[in-house]
Amino acid sequence: MDIARVIVDVPTSQTNRTFDYKIPPHLEGVVDTGMRVIVPFGPRKIMGFVIGITDESKHDRLKAIGDVMDLTPVLTGELLELGRWIADTTLCLHISALQAMLPQVLKAKYEKEIHIIGDREQLPDRIQLVSNGRGYFPFDDVTEAGIPYSVVQKAMKEGTIELRYKVKGKETLKKIPYIAPAVPVDTLYEEYEGLSKQAKKQRLITSYFIEYPTEIEEKKLLEELNTTKASLKPLIDKGTLSRVYKEVYRSPYEEDAFERTEPLTLTEEQKDAITPIWRSVTEKRHETFLLHGVTGSGKTEVYLQSIQQVIEEGREAIVLVPEIALTPQTVERFKSRFGSNVAVLHSALSKGEKFDEWRKVQRKEVQVVVGARSAIFAPFQNLGIIIIDEEHETSYKQEDHPRYHARDVAIYRGEQHDCPIVLGSATPTLETYARAKKGVYTLLSMTKRMNEASMPEVERIDMREELHAGNRSMFSRSLFDKIQERMAKGEQTVLFLNRRGYSTFVMCRDCGHVSECPHCDIALTYHRKNDRLKCHYCSYEEAMPTVCPSCESDTIRYFGTGTQKIEESLQQLLPEARIIRMDVDTTRQKGAHERLLTKFGNKEADILLGTQMIAKGLDFGNVTLVGVLAADSLLHLPDFRSSEKTFQLLTQVSGRAGRDKLPGEVVVQSYTPEHYSIEMASQYDYESFYLKEMKMRKLGQYPPYYFLTLVTVSHPNQLYAMDVIRKVVTFLQEQLSEETVILGPTPSPLARIKDRYRHQCMIKYRNEPNLTKVMKRLFQLYEDEIQNKDLQLTIDFQPYHMM
DNA sequence: AGCACGCCGACT
DNA sequence: GTCGGCGTGCTC
């Protein structure tokens, strides 16, 4: 058993297989599956994952593993299996699947260096110059100096220099210095006696360690004894004391800052919901639950007490929360129940912080992880439950490689660990609800809000009538009156504006010219910070024009997110109102999101005006009015899920009103208030919406009746891309069944990105058991063009965005 | 992906 | 002759 099977860190289809390496004697018993190793690969050295250990190989003349990068495996056996499964089902490279399961800092970095090994005198002058006396230096220095590679090559042949490849994978552990006595107490006494009378501080320090002969954090020691490093240094130099660095966790959340909460008494509904979950936990049985509970019905308490049960049984829990809802408020609810038994993983943490939280899991220091999508890969070995809150959120699907859906991964892991999965939502996706109705998932319903609160009354306003009545503002008369009422009573209002299309673009008012990216078919976005225009898809940037590039008029200006405009007009109508605006502009800064919410929570404002980001998780008791300014802005997008998204958003937003004792009220403005998604959302009638929408989906042959798969082809040459997609469609028509529908080929909605033309086709099918196999063959068919002709082919199973 | 190797046209 | 540009093939 001295051969390791390794997946190498070379993301291309040609190396998408294992490579065998000999385990050298000094690493025998050290190398283990799931470890990262450094291996020679051609002339260089690269990182690889050991996915198996055997005693035979088809290859003779194996190279040996260079070194290990981990002392304990970073991937468990189960995660290695999961990686293979993700690669198989989403058709991504095996290495990409493995990398996706680990924190960013564990990704290897590579350095190429030139080492001088021969006589310096014999070095070519130009290299001599670059070396500047150094024994080795980065390879890039040579390239930057404009020295041709042949010069390097020659020097290598002559034996004066050598190329060395380095793999850097040292994750940055945060270390802080501790001071400890380096000699026994008796010796400390002697040292103390030997110190001169003038060395007051040194005597003080020594006497401290005579009294407490254990290690102490350097900072604390110096503070306590009111001294500085200067007096510590001679003691360390003499060898009386020693400085040791100890690893610490970067702690984004101070543990003791959370007041502990006790489990609340469950309502009847909550009890009914939690009992089957508990049963499944104790019986160690995999089962997927859909916890369908109206906003404010206390889903979180059900999660918390389910987790409690899991912890008591000595097992572990993963809680997924949408990125946008992963606010300190959410985290606090888990931290205050389970304290330091919780690790938190989300994008707002620095890479180092994420790694530290991940390591708490790896070292079995916590039993609970709360995090966004990628937290589903937490390396627990004894999972007792996986909870996915706000199951309908689209952020659970990763949009680039690997294109996995956290829900699918959760169910896969649940099967492996024989544990339940809980999908929670007030507005489940139709796919999920349909499965619950079919009995694939177990449906648990909670229809009442806690503390007897009723759902706020919703008033639908027809903005067409407002217009007829001569009101041309963004605010209906009713909404405006109600805002004023709240202000008079000292209560608060949340105003919600759906963003449509792209945030801030630049348009000429004279000729309608819109500044677009020269490399992509998309409008440029205005960045106020440096007064420049930027492309969101490539890194293109240009200065904000002062006159229109097309007609030279000076009426060119940028159009804000809408929230800005509304803020201005609202301020005009209500000069005394204190308004907080939350959108991409005001929350770009780190921590701004939280700061604004705290401000609003402290009642330092009357109105909170914002986009999507305020739809979730806000829980302010003093908010008694919620206004939706343009409910139909999502509705007319060319997306078969637009009705569903509208329903979800309206329900979500309405749930923000009247969370506490005060009754809430909701005003929904739209130009089509009679649309079923708006009407049924205002009546909180999920069931009717579901039935109606299912009919629409059936008619349109959309999910959940049909599955979708999107195939996109891109290439710098448009004709070439079109030619390929046409052939792809022909191929698919031959390979797939009669009933399967292929739409297209068509240009993608974003027809050009980074100077690449994009064409797509959509596959709609009911039953296509061999689809993955067919798609694999499709990849093989174009392997050469992908490798050598700059062709890109992407396949997205169950796409969320049709781009 | 990188890198070597080989073939080609284009320069000092 | 040597420099750089690309196409091709390989990495245990």
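Lettering follows sequence order; numbering is per chain, from 1.
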How long is the gap from [atom1] on [X] to [atom2] on [Y], to the nearest 0.5 Å?
| X | Y | atom1 | atom2 | result |
| --- | --- | --- | --- | --- |
| Ser714(A) | Tyr720(A) | OG | OH | 11.0 Å |
| Gln381(A) | Gln362(A) | CD | CD | 9.0 Å |
| Ile161(A) | Ile117(A) | CD1 | CD1 | 8.5 Å |

**Start and end of chain A contact along DNA chain B [non-hydrogen atoms, under 4.0 Å]** =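 Footprint of chain A along DNA chain B, 5' to 3': dA1(B) to dA4(B).
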Which part of the nucleic acid does [X] contact within heavy-atom distance under 4.0 Å: base, sugar-phosphate only, or nothing?
| X | answer |
| --- | --- |
| Tyr110(A) | nothing |
| Thr15(A) | base |
| Lys112(A) | sugar-phosphate |
| Tyr21(A) | sugar-phosphate |

**Prompt:** Which word best sums up how the rings of His115(A) and Tyr136(A) line up, parallel for under 30°, tilted for 30 to 60°, or perpendicular for over 60°?
**Reply:**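 The arrangement is parallel - the two ring planes meet at less than 30°.
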**Request:** Using heavy atoms to find the nearest nucleotide of DNA chain C for Tyr149(A) and Leu62(A) separately, return the residue whose nucleotide is more 5′.
**Result:**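 The residue mapped nearer the 5' terminus is Tyr149(A).
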**Prompt:** Do any side-chain nitrogens or oxygens of Ser150(A) fall under 4.0 Å of OP1 or OP2 in dC3(C)?
**Reply:**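 The answer is yes; a side-chain N or O of Ser150(A) sits under 4.0 Å from OP1 or OP2.
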For [X] and [N], give me the distance from atom [atom1] to atom [atom2], rounded to whole Å.
| X | N | atom1 | atom2 | value |
| --- | --- | --- | --- | --- |
| Ile7(A) | dC12(C) | CD1 | C1' | 12 Å |
| His59(A) | dC12(C) | NE2 | C1' | 5 Å |
| Ile38(A) | dC12(C) | CD1 | P | 15 Å |

**Request:** State, with a plain yes or no, whether a side-chain heavy atom of Leu793(A) is found less than 4.5 Å away from one of Glu785(A).
**Result:**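 Of all side-chain heavy-atom pairs linking Glu785(A) with Leu793(A), none is under 4.5 Å.
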**Message:** I want to confirm an ordering. Mapping Val10(A) and Met156(A) to their closest nucleotides on DNA chain B, which one lands closer to the 5' end?
**Reply:**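 First, find each residue's nearest nucleotide; the 5'-ward one identifies Val10(A).
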**Message:** Determine whether a donor-acceptor pair (N or O, by modelled atom type, separation under 3.5 Å) exists between the side chain of Arg726(A) and the backbone of Asp723(A).
**Reply:**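 The answer is no, because no donor-acceptor pair under 3.5 Å joins these two groups.
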